[in-house]
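One structure is given here, and the rest of the page talks about it.
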Amino acid sequence: MCGIVAVTGYRKALPLLIEGLKKLEYRGYDSAGVAVINSESNIINCDKSEGKLKNLITKVKDKSIAGTVGIGHTRWATHGKPLIKNAHPHMDSTGKVAVVQNGIIENFLDLKADLEQDGIIFKSDTDTEVIPHLIQKELNNLSKLDLESNGSTLLIAVRNVISDLEGAYALAVIWSGAPDSLVVARKQAPLIIGLGEGEFVCASDTPAIANFTKTILPMEDEEIGLLTPLGI
Ligand code: GLU
């Protein structure tokens with residue numbers, strides 16, 4: 001049971017993510033982390049800390065990241081010790097895809113073995129890290145089809161990847177190739193979307209959304225969504 005929070009909109013994402021994580025800390029205190037797409041550089045800024053959320057807050061308190069799209073996580077470890085290398089968000093090898101996950105990917109060892117055969121070097125012991133690597137691989141395949149680089153491309157890539165995942169999970173994904181977009185998906189793990197004015201927040205539980213909006217859309221089981229400031 002981890003806590004996920006994710007935002008896309010017009011306000012700076014980092015403070016919104018931290019506020020959301022404060023409300024989700026009861027779901028896990030092994031580590032915490034955030035990733036935000038910096039709208040000035042188009043690079044994903046990722047910060048993580050071991051232990052309670054206060055350690056992450058201390059780490060990012062003087063940071064001002066311009067990005068309005070980001071994901072956050074508070075972890076209760078299932079695969080991999082509660083170390084910083086296992087803290088979420090997890091990223092692909094290029095640093096362009098970041099993922100937070102709540103749940104267990106039961107077939108991760110098989111998926112990991114295939115990716116290692118392709119030359120991917122894993123940085124963590126978690127089940128989650130296969131996901132960003134698989135998404136990057138899928139994005140590479142899609143780029144050969146001359147598709148535009150936008151949120152729909154990310155949606156297709158995530159949809160294709162989750163069809164290979166076994167287990168129960170909720171996840172949120174960002175990609176620097178679509179800097180206004182957020183893709184979220186769930187299967188037998190909770191995820192709800194808060195509908196704001198020109199902004200959306202997605203989280204594991206309502207307290208993380210309560211200060212943001214009263215309008216909540218629970219995601220259906222096995223539903224996937226693309227969120228941008230313009231809509232869902
Ligand atoms: N299996 C993931 C991990 O250990 C998520 C854990 C959870 O949802 O509790 O990193």
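Computed from a predicted structure; not experimentally measured. All ligand and atom numbering here is 1-based and tracks the order in the structure.
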(message) Taking 4.0 Å as the limit for heavy-atom contacts, which would you say applies to Thr78 with ligand 1: side chain only, backbone only, both, or neither?
(response) both
(request) Report yes if some heavy atom in the side chain of Ile232 is under 4.5 Å from a heavy atom in the side chain of Leu195; otherwise report no. (result) yes
(request) Compare all side-chain heavy atoms of Phe122 with those of Val130 and state whether any distance is below 4.5 angstrom. (result) yes
(message) Any side-chain to backbone donor/acceptor pair from Lys48 onto Ala32? Under 3.5 Å, distance only.
(response) no
(request) Side-chain contact test, heavy atoms from C-beta onward, threshold under 4.5 Å: evaluate it for Val97 versus Ile174 and give yes or no. (result) no
(request) Please could you name the atoms of ligand 1 that Thr128 approaches to less than 4.0 Å, counting only its heavy atoms? (result) 2 (C), 10 (O)
(request) Determine, for Lys187 against Asp221, whether the closest basic-nitrogen to carboxylate-oxygen distance falls under 4.0 angstrom. (result) no
(request) Pick one of side chain, backbone, both or neither for how Asn102 approaches ligand 1, counting any non-hydrogen atom pair under 4.0 Å. (result) both
(request) May I ask you to identify the nearest protein heavy atom to atom 5 (C) of ligand 1, giving residue, atom name and distance to one decimal place in Å? (result) Gly103 O, 3.4 Å
(message) Tell me the protein heavy atom at minimum distance from atom 2 (C) of ligand 1, and give that distance in Å.
(response) Asp127 OD1, 3.3 Å
(request) With heavy atoms of His79 as the reference, note each atom of ligand 1 found under 4.0 Å away. (result) 4 (O)
(request) Could you see which bit of Gln101 sits under 4.0 Å from ligand 1, with heavy atoms only: side chain, backbone, both or neither? (result) both
(request) Among all protein heavy atoms, pick the one closest to atom 9 (O) of ligand 1 and tell me residue, atom and distance. (result) Trp76 O, 2.6 Å
(request) Examine ligand 1 and decide if any of its atoms is less than 4.0 Å from a heavy atom belonging to Arg27. (result) no
(message) Check Arg186 with Glu223, please: is the shortest side-chain N to carboxylate O separation under 4.0 Å?
(response) no
(message) Just to confirm my output: which protein heavy-atom neighbour is closest to atom 7 (C) of ligand 1, and how far is it?
(response) Cys2 SG, 2.7 Å
(message) Assess whether a salt bridge exists between Asp125 and Lys81, defined as any Lys/Arg side-chain N lying under 4.0 Å from an Asp/Glu carboxylate O.
(response) no
